Structures are given as structure tokens and as C-alpha cells.
Amino acid sequence: MRYWLMKSEPSDCSIDDLAAMPDQTVAWYGVRNYQARNFMRDQMTPGDQAFFYHSNCAQPGIVGIVSISSLAYPDATQFDPDSRYFDPKATRQTPRWLNVDVTLVRKTPLVSLAALRAEPELETLRMLQKGNRLSITPVDPAHWKFITSTLMAAADAP
DNA sequence: GCCAACGTTGGC
DNA sequence: GCCAACGTTGGC
């Protein structure tokens with residue numbers, strides 16, 4: 001069982017959008033980066049947990065926890081000419097892009113990007129590394145524990 | 001909207 | 001296989 005951080009633009013799919021989905025589950029489509037795809041294909045298994053992160057918005061940061069609820073399977077949007085994620089080089093026989101399903105576990109207090117950066121314990125968190133643009137990054141168990149038990153607990157307190 | 005830092009593409 | 005040009009990401 002592994003831990004992850006998955007970025008989503010709230011204008012595209014916010015944590016509240018996810019909460020409103022049937023079964024609070026959504027296909028994590030639209031990943032068009034090979035490294036991120038390979039994480040889904042090679043390392044994600046149902047039951048893994050991930051931070052749901054809002055990117056490219058006024059308040060970037062972690063806003064919830066989701067669980068991975070499927071193995072990787074072909075991303076339907078690559079075959080759809082009307083989709084912004086259409087890939088003319090992908091075929092049904094040899095799909096290029098995959099997605100997993102994610103299911104909401106719970107919304108959390110906002111742990112802002114600034115708050116993450118402020119913690120020496122998180123210096124080596126993959127998503128904070130200079131130049132990182134991956135939409136899916138692994139999270140060390142120690143980092144997961146620190147964020148959930150220390151940062152989120154502090155934010156919950158009055 | 002700006003721009004730094006990437007990743008991808010395609011000609012050679 | 002190189003690398004310039006281009007596109008994208010994402011914080012600010």
C-alpha cells in the first residue's frame with residue numbers, strides 16, 4: 001500500500017465536485033505525462049491513499065484524502081475527438097493513456113502550499129522539489145503521517 | 001498575465 | 001541521437 005499526491009485544478013474538478021459524484025468516485029482522466037501514467041500503471045493498487053491537491057488556483061494546497069479504487073485502465077478521453085485530451089496517436093488496440101478511479105475518503109482542512117513549504121520535515125517531499133510539475137507524485141509514509149497527524153490536526157484545532 | 005522550468009516533437 | 005522550437009504547468 002502506497003501514498004500519493006494528486007493534483008487537480010479546482011476549475012476542472014474540485015474536492016466538492018468529487019464529493020458530489022455518484023459514489024464520490026471519479027475517473028482520474030487527462031493525465032498526459034508518461035511518468036505520471038507509469039505511476040498509475042506500475043505502482044498504484046486499489047486501497048492506496050492520496051492527498052487531493054488543488055493546483056493553479058487562488059489557494060493551492062491539500063484539501064482532502066482519496067483512495068485509489070481501481071487498477072489503471074485506458075483513459076476514454078484519448079479516443080474522443082471532441083475532448084481536449086484527444087490523442088490522435090492512441091488507438092483502442094494500443095492505448096497510450098491510462099487512468100485509475102479515485103474515491104473520496106474525506107475532505108480535510110486546507111493545508112496550503114505555503115504551510116507545506118514551511119515544514120523542515122517536508123523538505124524532501126517530491127511535489128515540493130524545484131521544477132516538479134508531475135500531477136501525481138509519491139508521498140513517503142513518514143511525510144503522510146506528518147501531514148495527516150500534525151498539520152491536519154493543528155488545522156482542526158480551534 | 002507573467003514567466004521559470006519542464007516535457008515533447010520533429011527535422012536533420 | 002541531438003537539439004531548437006514549441007507547448008504546458010502552476011505559483012505568483
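No experiment lies behind these values; they were computed from the predicted model shown. Letters A, B, ... are given to chains in the order of the sequence lines, protein chains preceding strands, and every chain is numbered from 1.
- A single hydrophobic cluster is not seen to contain both A/Val31 and A/Tyr85; linkage of ILVMFWY side chains at heavy-atom distances under 4.5 Å, directly or through other members, places them apart.
- By the 4.5 Å heavy-atom criterion applied to side chains, A/Ile68 and A/Val102 are counted as neighbours.
- A 4.5 Å side-chain heavy-atom check between A/Trp4 and A/Met44 finds at least one atom pair inside the cut-off.
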**Message:** Strictly under 4.0 angstrom, non-hydrogen atoms only: write out the protein contact profile of nucleotides 6-12 of chain B, one letter per nucleotide from the 5' end, B, S or -.
**Reply:** BSSSS--

N/O donor-acceptor pairs under 3.5 Å from side chains in residues 110-120 of chain A, not counting sequence neighbours:
residue	atom	partner	partner atom	Å
A/Ser112	OG	A/Ala115	N	3.0
A/Arg117	NH1	A/Leu128	O	3.2

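- Residue pairs meeting the side-chain hydrogen bond (donor to acceptor under 3.5 Å, both in side chains) criterion with at least one member in residues 64-76 of chain A, sequence neighbours excluded: A/Arg32-A/Asp75, A/Ser69-A/Thr103, A/Tyr73-A/Asn99, A/Tyr73-A/Asp101, A/Asp75-A/Thr77.
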